Amino acid sequence: MQPINEMRLEFLSKSCNESFARIVAAAFAAQLDPTLEELADIKTAVSEAVTNAIIHGYENRIGLIRMDCKLYKDSIAISVSDEGKGIENIEQARQPLYTSRPDMERSGMGFCVMESFMDRVDVESEPGKGTSVTLYKVFKSPSK
Amino acid sequence: MQVKLSNKGATLIVGITGELDHHSSDSVRRKVDAEIMKSHVKNVIFDFSNVNFMDSSGLGVIMGRYKNIRKLGGKMAVVNPVSQVKRVFELSGFMKIIEVYENIESAINTFAM
């Protein structure tokens, strides 16, 4: 399926960019006239993916995070990619309440939130190379 | 994001304005913990009336404060979360263990009982 619109954003893995990234993704999705709840879903999931890249991918070092958004007739696909340390065990990372950083008072709910707020979440990762998380959302009543 | 602290008896009221994510949650943690350390706070109310967004990092900070308050024998309540915030709380199962109220007064009244 061909996207009807695409955009790509690159930004530094600074925590102040978490809100920037989720607002940009929601603004791009707004072209399809989603509901406020669908926009909130997108903001929440993007926030989780970007926070993971900052905390776990780059472990708070500064690197580049890329966000690729593809808009289809009635859906959006958002990929958040880093070139950080990667995930050794993706299945474990996706478990609710699992956190690799118990020292940091993390809730361990990041992937669980992404899966619950979006329709599908794909994770590709290679230790030492980086991680790419793709979030899919189908809109119930898109404008066109 | 802004954090406003006020006291009503042994209850600390934390009024947050803005978005509660990984970036902003650290200052909430520091301010609330400092207040709990220095004064005779027993219970904590988080007023979410002006919070328009929370993700799992924000949730982590609220859950962390809950654990601390419980250890000290106190209670915690959340006031007036918007639907997005409520959904993150619900997903975590946190809604089953903390009290959610429509306004600060009803939360305080329950603490007094």
Side-chain angles (χ1 to χ4, degrees), chain A residues 11-23 25-26 35-60 65 80 93-118 135, chain B residues 1-3 14 16-34 36-37 44 46 48 50-71 76 78 81-98:
Chain A
F11 53 92
L12 294 182
S13 57
K14 294 180 171 211
S15 65
C16 57
N17 284 330
E18 290 157 6
S19 61
F20 170 66
R22 65 178 177 252
I23 289 165
T35 63
L36 286 178
E37 183 167 313
E38 287 167 337
L39 283 178
D41 292 346
I42 288 170
K43 280 174 72 178
T44 313
V46 168
S47 196
E48 301 295 347
V50 171
T51 303
N52 275 353
I54 293 172
I55 297 177
H56 304 293
Y58 290 115
E59 297 179 300
N60 296 312
I65 297 174
V80 175
R94 293 179 79 139
Q95 289 296 315
L97 304 179
Y98 171 80
T99 176
S100 58
R101 304 294 304 272
D103 53 313
M104 278 179 63
E105 204 174 63
R106 310 289 313 154
S107 68
M109 295 293 290
F111 272 116
C112 188
V113 168
M114 286 185 249
E115 282 162 2
S116 152
F117 282 54
M118 301 300 272
L135 310 158
Chain B
M1 195 216 45
Q2 288 181 320
V3 184
V14 185
I16 305 168
T17 302
E19 305 196 314
L20 197 53
D21 62 6
H22 162 242
H23 179 68
S24 61
S25 57
D26 214 39
S27 87
V28 175
R29 177 189 295 123
R30 274 186 282 109
K31 283 177 184 164
V32 173
D33 285 358
I36 292 173
M37 292 288 270
V44 177
F46 281 95
F48 270 81
N50 297 307
V51 177
N52 48 39
F53 178 87
M54 180 181 79
D55 63 13
S56 75
S57 304
L59 173 71
V61 169
I62 303 296
M63 284 169 79
R65 307 289 74 63
Y66 172 77
K67 282 180 196 158
N68 293 348
I69 286 290
R70 289 288 292 172
K71 268 184 220 154
M76 204 183 95
V78 165
V82 297
S83 109
Q84 186 271 344
V85 172
K86 211 185 270 178
R87 282 166 62 213
V88 174
F89 275 132
E90 273 164 1
L91 189 63
S92 67
F94 201 51
M95 287 299 241
K96 291 186 194 122
I97 52 173
I98 53 155

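Excluded from the calculations below are hydrogen atoms, water molecules and symmetry mates; all remaining heavy atoms, backbone and side chain alike, are included. The structure displayed is predicted, hence computed values, not measured ones. Protein chains get the first letters and strands the later ones, always in sequence-line order, with residue 1 at the start of each.
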CG of B/D21 to OG of A/S15, rounded to nearest 0.5 Å, is 7.5 Å
I'd like to know if B/D55 and A/K43 make a salt bridge, using a cut-off of under 4.0 Å between side-chain N and carboxylate O.
no
Are B/F53 and A/S47 close enough that some pair of their side-chain heavy atoms sits under 4.5 Å apart?
yes
Which pair of heavy atoms, one from A/C112 and one from B/L91, lies closest together, and at what distance?
O-CD2, 3.9 Å
If we ignore angles and hydrogens, is there a donor and acceptor under 3.5 Å between the side chains of B/H22 and A/T51?
no
Shortest non-hydrogen contact between A/E18 and B/H23, atoms and distance
OE1-N, 3.0 Å
What part of A/L36 gets within 4.5 angstrom of chain B, counting heavy atoms only: side chain, backbone, both, or neither?
neither
What's the shortest heavy-atom distance between A/M109 and B/S92, and which atoms?
CE-CA, 3.6 Å
Would you say the side-chain atoms of A/T44 and B/Q84 include a donor-acceptor pair closer than 3.5 Å?
yes
Quick one: of B/S56, B/S24, B/G60, who has the most non-hydrogen atom pairs under 4.5 Å with chain A?
B/S56
Pick one of side chain, backbone, both or neither for A/S116, based on which atoms fall under 4.5 Å of a heavy atom in chain B.
side chain
